[in-house]
Amino acid sequence: MEETIHVIGHKNPDTDSICSAIGYACLRNTLGDAEVKPARAGSLNSETRHVLKRFCLPEPELLTRATGQRLILVDHNEVAQALDDIRHGTVLEVWEHHRIGDLQIPSPITFHCEPVGATATLIAEQFFLHDIEPPPAIAGALLAAILSDTLVLASPTTSNKDRRMAPRLAALAGVEVAAFGAELMAARGDIATRSACDLVEADFKAFNFSGNRVGIAQVEVPDARPLLSRQAELIEAMEQMRSAQGLCLVLLIGTDISLKGSHLWAVGERRDVVEKAFQCSLSASGTFLEGCMSRKKQVVPV
Ligand code: MN
Ligand code: MN
């Protein structure tokens with residue numbers, strides 16, 4: 001057999017990174033490429049763990065180094081979010097729905113990036129374009145990834161393609177979209193029982209903005225009030241993260257799914273940049289951004 005090709009998502013993996021890797025490896029295996037295997041770049045969050053257990057899917061293999069590996073990247077293409085030594089790996093393909101990042105790839109590759117709500121939407125589409133029906137467990141995992149990234153098709157990142165793929169996958173997986181979405185959101189766990197560090201770290205991404213390293217964490221909850229009552233703790237956890245990783249700025253987006261907006265907190269010297277970008281004043285209690293639900297579409301660009 002040929003040398004293994006790992007399909008891998010970003011560090012601090014979310015459900016889209018894990019399930020897109022599993023889904024794409026399954027598609028390639030079905031097409032006869034047995035050497036393609038799913039991998040993960042970190043430990044699973046509670047939502048993803050719930051999804052894999054529900055559909056009896058094994059946890060992908062943990063990969064900590066890219067050096068010497070043949071890789072297919074899903075759900076990321078920025079160096080700061082990839083395995084630390086990504087420049088020493090061989091990237092063969094990218095399947096993505098974020099901004100085009102800073103990864104230099106020396107040879108021509110398949111680089112598929114589309115502004116859809118989840119990478120899993122693109123993977124699901126590939127199954128259908130190849131006239132292959134994803135097995136029920138894979139359909140369920142891909143659907144979970146779409147609902148997770150789009151907050152059950154409510155986020156402004158949701159595209160018509162996501163809306164078309166979701167019911168098709170739901171029918172194959174034998175679940176109902178709204179009920180399954182609620183189940184997923186519940187599997188994220190209770191804010192009250194999680195430590196402030198865990199809340200900041202769980203969905204934390206680093207970005208390189210013209211040489212300045214900025215960390216942006218997001219917590220998406222049905223009701224953000226429990227976050228507001230813990231903001232002192234959260235800001236302390238953000239400060240810790242900032243000094244540990246040598247970042248110039250750390251942002252926390254606390255998205256309130258029912259209010260369809262986000263609370264924003266920032267720590268670091270250049271908070272003025274954030275105030276200017278969002279035309280707000282950032283007191284210790286942060287600020288509320290109405291209608292803001294997406295880090296990718298509404299925070300990173302500004
Ligand atoms: Mn992701
Ligand atoms: Mn994604």
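Both ligands and their constituent atoms are indexed starting at 1 by order of listing. Index from 1, following the sequence.
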Is any protein N, O or S atom closer than 2.8 Å to the Mn ion (ligand 2), and if so, which?
D16 OD2, D75 OD1, H97 NE2, D149 OD2

Think R168 forms a cation-pi with F128, using NZ or CZ under 6.0 Å from the six-ring centre and within 45 degrees of its axis?
yes

So do the side chains of [X] and [Y] get within less than 4.5 Å of each other, counting heavy atoms only?
| X | Y | value |
| --- | --- | --- |
| I191 | V219 | yes |
| R242 | L247 | yes |
| I123 | L142 | yes |

Is K11 salt-bridged to D84, cutoff N-O under 4.0 Å?
yes

Between E93 and R28, is the closest basic N to carboxylate O distance under 4.0 Å?
yes

